[in-house]
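One structure below.
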Protein chains: 2
Amino acid sequence: MTRAAPERHDDILAAAGRRFAQSGYRGTSLQDIAADVGCSKAAVLYHFADKKAILAELVARPIDQLRELDERIAAASGPAEAQQIAAEGFVDLAVRFRRETAFLRGEFPGLFQQPPFSHLQHIPDRLAQAFAGHSDRPAARVAALVILAGIAETCGEFIDLPETELRPALLALVRRALEPVT
Amino acid sequence: MTRAAPERHDDILAAAGRRFAQSGYRGTSLQDIAADVGCSKAAVLYHFADKKAILAELVARPIDQLRELDERIAAASGPAEAQQIAAEGFVDLAVRFRRETAFLRGEFPGLFQQPPFSHLQHIPDRLAQAFAGHSDRPAARVAALVILAGIAETCGEFIDLPETELRPALLALVRRALEPVT
DNA sequence: TCGGCATCTGACCGATCGGTCAGGCATGCT
DNA sequence: AGCATGCCTGACCGATCGGTCAGATGCCGA
């Protein structure tokens, strides 16, 4: 059963996306993906150079947005503005790419230290730094970091709200969380 | 180099805890653990029946507390009380067992569906149900679920606050998040 | 009709995984 | 001294992983 290359390509991408989101990158084998698509493991590797290339293409767009967010944080005028940009930018990122950011975060520690993701190593540090900008407000710090870590996976697993509802709800939460707690 | 059994046992447990927290259960090999402890892979399997037994012992106490929380939620008088119990109980759990809950959550989907964890299958559903108790308050629902998913890993990875500071900060955040958003 | 290219398959490879096993070595009791 | 027991090792096993390869199959233009 032969399919046109672009369709197959997208089929594999979609199947891998579902599998990665549910079982993680390491927990998904090429065999699993092939079985979902309905072809052989070798066929998957005909359309993609290797397993990492599937992941790379799957997270290419959220990664681009993450990098752009990183630049905006770096260009902020002070820690307060950096924190605000980081919080809102991350919400935007998480809402727009729910599933991708889920396993992107799940595989974070090991994955971003090797090619082709090595050039992104500094980003988590910068994000954490931005979120922790106001170290005299521990609650805000906690809240922001909780949000940073939790949004993506949660949205993918439990919540089924349309983006039009989810985004303002999350933004309201972030703004509220960033207020100082007395 | 021979050590007394209880010490070795705890050494292995500690090394596994660090590795699991950083690279996940699936991403950690018995070889890694053995190398950290300074013994052979076979020695690890002399002190533990298999790899899953290490994980099981590592999460035994948080699991117990999770099960007790589950019972308290089930015994709540209504959805509002259930939500409150769930939120505060989960914070308590996450703060007390930061690192354990981190990889406990990371391996959640696949792991709780097979022995020796099968009897806990219903708990995530009950938790999610409790958190989503007030479905007419989407922001509160989002916030609670974000917290549910995010606390553990975040605390383990980014935050280095003493428990005495972290716990009240998180509780304040939860209470605030559970208030309706206009 | 025929040749060429894109798509795909089954068999195979080396590496690594979790787990097993027979035996070595130290310690401590008899 | 001799023996049993507890702790540990290196070698090994089958399974599975990501990845390769030669060749089969089907489609499409000349």
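The figures that follow rest on heavy atoms only: side chains count, while hydrogens, waters and symmetry mates do not. Residue numbering restarts at 1 for every chain, and letters A, B, ... go by the order of the sequence lines.
At the phosphate of D:dC8, OP1 or OP2 sits under 4.0 Å from a side-chain N or O atom of B:Arg8. When the side-chain nitrogen and oxygen atoms of A:Tyr46 are compared with OP1 and OP2 of C:dT7, one or more of them lie within a distance under 4.0 Å. For C:dA6, neither phosphate oxygen OP1 nor OP2 lies less than 4.0 angstrom from any side-chain nitrogen or oxygen of A:His47.
B:Arg61 meets the salt bridge (Lys or Arg N to Asp or Glu O under 4.0 Å) test with no other residue; sequence neighbours excluded. Listed by chain and residue number, B:His9 satisfy the side chain to side chain donor-acceptor pair (under 3.5 Å) test with B:Glu57 (two or more places apart in sequence, or in another chain). With sequence neighbours left out, the side chain to side chain donor-acceptor pair (under 3.5 Å) criterion links B:Asp50 to no other residue. For A:Ala43, the side chain to side chain contact (heavy atoms under 4.5 Å, CB included) test picks out A:Cys39, A:Ser40, with sequence neighbours left out.
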Using the 3.5 Å cut-off, write out each protein N or O paired with an N or O of nucleotides 22-24 of chain C and the distance between them.
none

Nucleotide N/O of nucleotides 13-20 of chain D paired with protein N/O under 3.5 Å:
{"residue": "D:dG18", "atom": "OP1", "partner": "A:Thr28", "partner atom": "O", "Å": "3.4"}
{"residue": "D:dG18", "atom": "OP1", "partner": "A:Lys51", "partner atom": "NZ", "Å": "2.8"}
{"residue": "D:dG18", "atom": "OP2", "partner": "A:Leu30", "partner atom": "N", "Å": "3.0"}
{"residue": "D:dG18", "atom": "N7", "partner": "A:Lys41", "partner atom": "NZ", "Å": "3.3"}
{"residue": "D:dG19", "atom": "OP2", "partner": "A:Lys51", "partner atom": "N", "Å": "2.7"}
{"residue": "D:dG19", "atom": "O6", "partner": "A:Lys41", "partner atom": "NZ", "Å": "2.7"}

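Atom NE2 of B:His9 is separated from atom C1' of D:dC7 by 15 Å (rounded to the nearest Å).
For the pair B:Asp70 and B:Arg67, the salt-bridge criterion is not met [side-chain N within less than 4.0 Å of a carboxylate O]. Under the 4.0 Å criterion applied to side-chain N and carboxylate O atoms, B:Asp36 and B:Arg19 are assigned as salt-bridge partners.
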For residues 73-80 of chain B, which side-chain donor-acceptor pairs fall under 3.5 Å, sequence neighbours excluded?
{"residue": "B:Ser77", "atom": "OG", "partner": "B:Glu81", "partner atom": "OE1", "Å": "2.6"}

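Smallest separation of non-hydrogen atoms from B:Ile33 and B:Ala16: CD1-CB, 3.9 Å.
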